[in-house]
Every structure is written in structure tokens, then in C-alpha cells.
Amino acid sequence: MPTSIGLLGTGRLGTAVRRLADDRDDLQVAWAVGRGPVPQTPVDVAIDVSTAQAVAGHLDWARRTGTDLVIGTTGWDTDLLSAPEKGIRILVAPNFSLGVALVSALVRALGGYAATTGIHTDLAVTETHHRHKVDAPSGTALALRDAVAHGAGQQPDTVQTSSLRLGEVVGDHEVSATSALETISVRHTAHDRDLFARSALDAALWLAARPAPGTYTLDDLAQTHLRSLLDPPQKESR
């Protein structure tokens, strides 16, 4: 039986999520809602790609109805998740792309490298999105900033972070470490919103299969897919 999906948000990303879901046999969109009350039809998982202002109400609804929730919306108060979740699974992902999860792992290592060179190194995150995006910096930029700062053993506010809102750019993020001797950069560029829509559906299936309630991140999901890349198996010695 297909996993039933409720879609909270009918904007550009929400529209792409629904279109791709309609082409899959393992998922079925039971309803999609923009503004207004959440439909009463029960679903296995809801995907929230609405607005920052709507997340608090959607969290209350999910907890009240016992519905697992994937939150892809950015710019909301994450303190709403301060209490341990009981009874439901919640996945918080400011960016659904597994490529961005890989970049996040790489920039943690980059921050660690910068901290060990013995040379002053400036860390920076630059991001560009379409002119319609409201929050700046983006949730992804903030997550990458935190990752490189953590790797370097620094506070996030020591990482220079800049944002541009231009044309119809889907999403471009670059993390740099620059010293007097070298610059190392890690960059991710999204070319099509289908990248995020496809991954949002995969995230919903992954979340529904978790053995226990709780709060998860994209890094948790990515471990399954990226572990072999970041920690390749050792060859047996003879």
C-alpha cells in the first residue's frame, strides 16, 4: 500500500513535490493545502513547505493528530522543537538535497583543516537565491555556517556570511577558507527545484520507516547514503 502524504504548502516547491509524487507508485498525495485549516483526512506523513509563520500551527496539528512531519520550511523558530518529541517523528531539513548534506560534511572537515594550519584563516559562506526568497541568509547557508564553524572550533558569528537575491536562481552556496597561502572552496549549485522535491519525497518515506519517534535532521538521513563515501571500508591486510 502506498504511503499517504499530506502537503502543507502549494507554492513552487509544493507544486513540484505533488507533480513528482503523482508519478510514483509508492506514494499517494491525499491532500494539498496552501493557506487555511489542515484537512481532516489522516495521512502517514505530512510535508511542510509552507511559510515560517505557519510552522508553529502545523507542529501543533502534527502533535495533536499523531502525524509524522517533514519540515522543509526555513526561517521559523527552531526553539519550537526544544522539548523531546513523543509519539511522532519529525524531520527538519532546511535543504532536502543529499548533495548539500555531503557539502555539510566536507565543510566540517574544511573548518577542522583551517584550525590546524597555524595560519590565520578567514571562513566565509556566500549564498544566492531567486529574488522571491524572503529569508536571508537562507536556512542552508546558516546550516553550512554552523558546520564549518563547528569544525574550526569557532562560534558561528565568526564566519562571514553574505546573501544575494538575483533573478530566478534556484540556489547556490559556497563555503571558503582563505589564508595568506591558499583558498579552499566547496560549492553546491542547484539547477532545478525537482532536486529538492524528489528528495522531500524520499525523506518522507525514510521518516515513516524510523523505528522510534523523535526529531531527525537531513544528516541522519544522509548517513545511510553517504557513509560509504565518507568512511570507505578498509581493505583487509594479508
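Heavy atoms only, all atoms of each residue included: T128 and L166 are closest at CG2-CD1, 4.1 Å. Here the closest non-hydrogen pair linking A197 and L13 is N-CD1, 3.8 Å. The two atoms that bring D44 and P2 nearest to each other are OD2-O, 4.2 Å, heavy atoms only. Listed here is the closest heavy atom pair of S4 and P42: OG-O, 4.4 Å. In plain terms, the two heavy atoms of H130 and V170 that are nearest each other are CD2-O, 4.4 Å.
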Item to check | Stepwise side-chain contact (heavy atoms from CB on, under 4.5 Å) test for L123 and T158 | outcome: CA-CA 8 Å; L123 302 175; T158 64; 5.7 Å; no
request  = Decide side-chain contact (heavy atoms from CB on, under 4.5 Å) for L207 and Y216; before the verdict, give the C-alpha distance in whole Å, the side-chain angles of both, and the deciding distance to 0.1 Å.
outcome  = CA-CA 8 Å; L207 186 65; Y216 301 88; 3.8 Å; yes
Exercise. Would you please test V45 and R89 for side-chain contact (heavy atoms from CB on, under 4.5 Å) and show each step?
Key: CA-CA 9 Å; V45 187; R89 303 162 183 83; over 6 Å; no
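Shown here are the ring-ring contact (aromatic ring centres under 6.0 Å, His included) partners of H150, two or more places apart in sequence or in another chain: there are none.
Ion pair R165/E127 flagged as a salt bridge, since at least one NZ, NE, NH1 or NH2 atom sits closer than 4.0 Å to an Asp/Glu carboxylate oxygen. The residues D23 and R198 are annotated as not salt-bridged, no charged nitrogen and carboxylate oxygen being separated by less than 4.0 angstrom.
The only option from L8, L7, V70 that meets the side-chain contact (heavy atoms from CB on, under 4.5 Å) definition with D48 turns out to be L8. Among the candidates V175, L106, T140, V100, the single residue satisfying the side-chain contact (heavy atoms from CB on, under 4.5 Å) test with H188 is V100. Screening D68, L201, I71 for a side-chain contact (heavy atoms from CB on, under 4.5 Å) with I47, the sole residue that qualifies is L201.
Under the 3.5 Å distance criterion, the side-chain polar atoms of S179 are left unmatched by any main-chain donor or acceptor of A177. Between the side chain of W61 and the main chain of V38, no donor-acceptor pair closer than 3.5 Å is present. A donor-acceptor pair under 3.5 Å links the side-chain atoms of T73 to the main chain of S50, judged by distance alone. Without hydrogens or angle criteria, S162 side chain to Q160 main chain gives no donor-acceptor distance under 3.5 Å. Of the possible donor and acceptor atoms, none in the side chain of R18 sits under 3.5 Å from a partner among the backbone N and O of G14. Judged purely by atom type and a 3.5 angstrom limit, D220 uses its side chain to pair as donor or acceptor with the backbone of T217. Judged purely by atom type and a 3.5 angstrom limit, S199 uses its side chain to pair as donor or acceptor with the backbone of L195.
Taking 4.5 Å as the limit, every side-chain heavy atom of F96 sits out of range of all side-chain heavy atoms of V17. Between T74 and S138, the closest side-chain pair of non-hydrogen atoms is not below 4.5 Å.
Cluster annotation: L91 is connected to V49 through the hydrophobic network of ILVMFWY side chains, with a link wherever side-chain heavy atoms come within less than 4.5 Å.
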